[in-house]
Amino acid sequence: MNIDIEQIVWEYIDKSLHMSLATSNNNKPWVCEVHFAYDENLNIYWRSQESRRHSQEVKGNPSVAGNIVRQHAATDYPHAIYFEGRAEIVSDDIELKKIASLFAVRLGIKSDMVTDSKQVDGHKFYKISVENWYAFGKFGGSSGYKYKLEWNGGKR
(Lines give C-alpha, C1' and ligand atoms only; values in the text may rest on other atoms or scores of the structure.)
Protein backbone atom coordinates (compact mmCIF):
# COMPACT_ATOMS: atom_id res chain seq x y z
CA MET A 1 0.00 0.00 0.00
CA ASN A 2 1.43 3.38 -1.03
CA ILE A 3 0.30 6.17 1.32
CA ASP A 4 1.39 9.75 0.56
CA ILE A 5 2.00 10.99 4.11
CA GLU A 6 3.21 14.39 2.95
CA GLN A 7 -0.06 14.94 1.08
CA ILE A 8 -2.02 13.96 4.21
CA VAL A 9 -0.03 16.48 6.26
CA TRP A 10 -0.68 19.27 3.73
CA GLU A 11 -4.42 18.50 3.69
CA TYR A 12 -4.69 18.48 7.48
CA ILE A 13 -2.84 21.71 8.09
CA ASP A 14 -4.69 23.47 5.29
CA LYS A 15 -8.12 22.50 6.65
CA SER A 16 -7.42 23.12 10.37
CA LEU A 17 -6.97 26.40 12.20
CA HIS A 18 -5.85 25.21 15.62
CA MET A 19 -3.51 22.62 17.02
CA SER A 20 -2.57 21.13 20.34
CA LEU A 21 0.94 22.15 21.41
CA ALA A 22 2.88 20.16 24.00
CA THR A 23 5.77 21.62 25.97
CA SER A 24 7.66 20.41 29.01
CA ASN A 25 9.67 21.79 31.90
CA ASN A 26 11.35 19.76 34.65
CA ASN A 27 9.61 16.58 33.43
CA LYS A 28 6.19 18.22 33.79
CA PRO A 29 4.32 18.19 30.49
CA TRP A 30 1.84 20.85 29.39
CA VAL A 31 -0.54 21.03 26.47
CA CYS A 32 -2.51 23.96 25.08
CA GLU A 33 -4.52 24.91 22.01
CA VAL A 34 -3.23 27.61 19.66
CA HIS A 35 -4.21 28.98 16.26
CA PHE A 36 -1.43 28.40 13.76
CA ALA A 37 -0.13 29.25 10.33
CA TYR A 38 2.47 27.47 8.23
CA ASP A 39 4.83 28.14 5.37
CA GLU A 40 5.92 26.34 2.20
CA ASN A 41 8.52 24.35 4.19
CA LEU A 42 5.92 23.09 6.70
CA ASN A 43 7.30 25.25 9.49
CA ILE A 44 4.52 26.00 11.97
CA TYR A 45 3.93 29.40 13.58
CA TRP A 46 1.78 30.55 16.47
CA ARG A 47 1.33 33.75 18.46
CA SER A 48 1.33 34.04 22.22
CA GLN A 49 2.31 36.29 25.04
CA GLU A 50 5.68 35.56 26.64
CA SER A 51 4.00 35.24 30.03
CA ARG A 52 2.03 32.14 29.01
CA ARG A 53 3.18 28.81 30.40
CA HIS A 54 3.95 27.28 27.00
CA SER A 55 5.97 30.35 26.00
CA GLN A 56 7.97 30.20 29.22
CA GLU A 57 8.65 26.49 28.77
CA VAL A 58 9.91 26.95 25.20
CA LYS A 59 12.60 29.28 26.57
CA GLY A 60 14.01 26.52 28.76
CA ASN A 61 13.22 23.55 26.54
CA PRO A 62 12.65 24.18 22.82
CA SER A 63 11.63 20.57 22.13
CA VAL A 64 7.90 20.51 21.41
CA ALA A 65 5.31 18.17 19.97
CA GLY A 66 1.74 18.55 18.87
CA ASN A 67 -1.16 17.25 16.91
CA ILE A 68 -3.86 18.44 14.58
CA VAL A 69 -7.11 16.51 14.83
CA ARG A 70 -10.31 17.00 12.89
CA GLN A 71 -13.51 16.66 14.87
CA HIS A 72 -15.27 13.37 14.27
CA ALA A 73 -18.24 11.40 15.56
CA ALA A 74 -17.77 8.75 18.23
CA THR A 75 -18.50 6.10 15.61
CA ASP A 76 -15.80 7.40 13.23
CA TYR A 77 -12.25 6.11 13.32
CA PRO A 78 -9.94 8.88 14.61
CA HIS A 79 -7.47 10.40 12.18
CA ALA A 80 -4.81 12.96 13.05
CA ILE A 81 -1.38 14.25 12.22
CA TYR A 82 1.37 14.68 14.79
CA PHE A 83 4.70 16.45 14.78
CA GLU A 84 7.92 16.82 16.74
CA GLY A 85 10.24 19.78 16.44
CA ARG A 86 12.06 22.69 17.97
CA ALA A 87 10.38 25.98 18.83
CA GLU A 88 11.84 29.44 19.05
CA ILE A 89 10.64 33.00 19.36
CA VAL A 90 10.95 35.00 16.12
CA SER A 91 12.50 38.46 16.24
CA ASP A 92 13.84 39.08 12.72
CA ASP A 93 11.83 41.90 11.09
CA ILE A 94 11.71 40.31 7.63
CA GLU A 95 10.55 36.98 9.04
CA LEU A 96 7.99 38.74 11.30
CA LYS A 97 6.40 40.43 8.29
CA LYS A 98 6.25 37.14 6.40
CA ILE A 99 4.62 35.35 9.34
CA ALA A 100 2.16 38.19 9.96
CA SER A 101 1.11 37.94 6.31
CA LEU A 102 0.54 34.18 6.69
CA PHE A 103 -1.69 34.79 9.72
CA ALA A 104 -3.56 37.64 8.05
CA VAL A 105 -4.47 35.48 5.05
CA ARG A 106 -5.16 32.30 7.01
CA LEU A 107 -7.13 33.75 9.92
CA GLY A 108 -8.40 37.01 8.45
CA ILE A 109 -6.57 39.09 11.07
CA LYS A 110 -6.49 42.75 10.11
CA SER A 111 -4.53 44.21 13.05
CA ASP A 112 -0.85 45.15 12.85
CA MET A 113 0.57 41.96 14.32
CA VAL A 114 4.20 42.99 13.79
CA THR A 115 3.79 46.15 15.87
CA ASP A 116 1.91 44.16 18.51
CA SER A 117 4.71 41.56 18.63
CA LYS A 118 7.22 44.28 19.51
CA GLN A 119 5.23 45.51 22.51
CA VAL A 120 6.39 44.28 25.92
CA ASP A 121 3.05 42.58 26.57
CA GLY A 122 2.28 41.87 22.91
CA HIS A 123 1.72 38.52 21.25
CA LYS A 124 5.09 37.25 20.04
CA PHE A 125 5.50 34.99 17.04
CA TYR A 126 6.94 31.51 17.58
CA LYS A 127 8.27 29.13 14.96
CA ILE A 128 8.41 25.34 15.09
CA SER A 129 10.99 23.77 12.83
CA VAL A 130 9.36 20.39 12.38
CA GLU A 131 11.71 17.41 12.47
CA ASN A 132 9.19 14.60 12.02
CA TRP A 133 5.58 14.35 10.90
CA TYR A 134 3.29 11.41 11.63
CA ALA A 135 -0.19 10.48 10.44
CA PHE A 136 -2.42 8.10 12.36
CA GLY A 137 -5.56 6.53 10.99
CA LYS A 138 -7.04 4.38 8.27
CA PHE A 139 -5.45 6.25 5.41
CA GLY A 140 -6.17 3.78 2.65
CA GLY A 141 -6.01 0.77 4.94
CA SER A 142 -8.39 -1.29 7.03
CA SER A 143 -6.88 -0.54 10.44
CA GLY A 144 -5.27 2.35 12.21
CA TYR A 145 -1.57 2.69 11.66
CA LYS A 146 0.99 5.36 12.49
CA TYR A 147 2.82 6.48 9.36
CA LYS A 148 6.03 8.50 9.68
CA LEU A 149 7.23 11.18 7.28
CA GLU A 150 10.91 11.88 7.89
CA TRP A 151 11.09 15.62 7.54
CA ASN A 152 14.02 17.33 9.28
CA GLY A 153 12.91 20.83 8.42
CA GLY A 154 11.95 20.07 4.86
CA LYS A 155 15.28 18.38 4.09
CA ARG A 156 14.25 14.79 3.47
Side-chain angles (χ1 to χ4, degrees), residues 1-90 95 98-109 111 113 117 123-156:
M1 174 179 356
N2 189 9
I3 305 296
D4 188 347
I5 304 307
E6 184 173 347
Q7 183 62 35
I8 292 168
V9 169
W10 282 109
E11 288 174 10
Y12 261 76
I13 63 174
D14 190 51
K15 294 178 181 176
S16 303
L17 296 177
H18 74 276
M19 67 179 189
S20 297
L21 174 68
T23 58
S24 177
N25 185 35
N26 295 324
N27 291 321
K28 287 184 152 186
W30 180 251
V31 68
C32 64
E33 296 295 313
V34 294
H35 286 102
F36 73 96
Y38 60 93
D39 66 17
E40 67 280 356
N41 295 315
L42 288 177
N43 294 306
I44 299 174
Y45 303 94
W46 84 91
R47 297 176 66 216
S48 188
Q49 294 177 316
E50 286 184 284
S51 60
R52 302 285 191 226
R53 180 173 172 175
H54 54 274
S55 300
Q56 291 293 310
E57 290 184 356
V58 164
K59 284 182 185 178
N61 181 4
S63 294
V64 299
N67 71 4
I68 300 167
V69 180
R70 290 190 196 149
Q71 293 298 317
H72 56 277
T75 56
D76 294 339
Y77 196 86
H79 289 83
I81 60 170
Y82 303 82
F83 61 86
E84 301 168 310
R86 298 190 62 77
E88 63 183 331
I89 196 165
V90 178
E95 194 169 10
K98 174 187 149 188
I99 299 166
S101 176
L102 293 171
F103 270 88
V105 170
R106 185 162 165 79
L107 301 173
I109 299 173
S111 66
M113 292 175 280
S117 73
H123 289 77
K124 310 301 184 206
F125 286 104
Y126 292 82
K127 174 183 180 178
I128 301 172
S129 299
V130 177
E131 296 167 354
N132 292 302
W133 285 100
Y134 304 88
F136 177 80
K138 293 182 180 180
F139 297 106
S142 60
S143 66
Y145 183 78
K146 184 184 279 185
Y147 302 92
K148 183 176 182 181
L149 171 64
E150 296 288 344
W151 192 249
N152 294 318
K155 301 174 184 90
R156 293 187 289 156

Which residues pass the side chain to side chain donor-acceptor pair (under 3.5 Å) test with Y82, not counting sequence neighbours?
none
Set of ring pair (Phe, Tyr, Trp, His ring centres under 6.0 Å) partners for F83, sequence neighbours left out:
W133
Side chain to side chain donor-acceptor pair (under 3.5 Å) partners for R70, two or more places apart:
none
Just jot down the salt bridge (charged side-chain N to carboxylate O under 4.0 Å, His left out) partners of R53, sequence neighbours excluded, or say none.
E57
Among all residues two or more places apart in sequence or in another chain, which pass the side chain to side chain contact (heavy atoms under 4.5 Å, CB included) test with A87?
W46, V58, V64, I128
For D39, what residues pass the salt bridge (charged side-chain N to carboxylate O under 4.0 Å, His left out) criterion, not counting sequence neighbours?
K98
Across all chains, not counting sequence neighbours, the side chain to side chain contact (heavy atoms under 4.5 Å, CB included) partners of I109 are R47, F103, L107, S111, M113
Please list, chain by chain and in numerical order, all residues satisfying salt bridge (charged side-chain N to carboxylate O under 4.0 Å, His left out) with K127, sequence neighbours excluded.
E95
Please list, chain by chain and in numerical order, all residues satisfying side chain to side chain donor-acceptor pair (under 3.5 Å) with Q7, sequence neighbours excluded.
E11
List the atom pairs, donor and acceptor, that lie under 3.5 Å between side-chain atoms in residues 13-20 and the rest of the protein, sequence neighbours left out.
unit_1: D14; atom_1: OD1; unit_2: Y38; atom_2: OH; d: 3.0
unit_1: S16; atom_1: OG; unit_2: Y12; atom_2: O; d: 2.9
unit_1: S20; atom_1: OG; unit_2: E33; atom_2: OE2; d: 2.3
unit_1: S20; atom_1: OG; unit_2: N67; atom_2: OD1; d: 3.4

List the residues meeting side chain to side chain contact (heavy atoms under 4.5 Å, CB included) with R52, not counting sequence neighbours, and say none if there are none.
S48, Q49, H54, S55
Salt bridge (charged side-chain N to carboxylate O under 4.0 Å, His left out) against E50, all qualifying residues, sequence neighbours excluded
K59
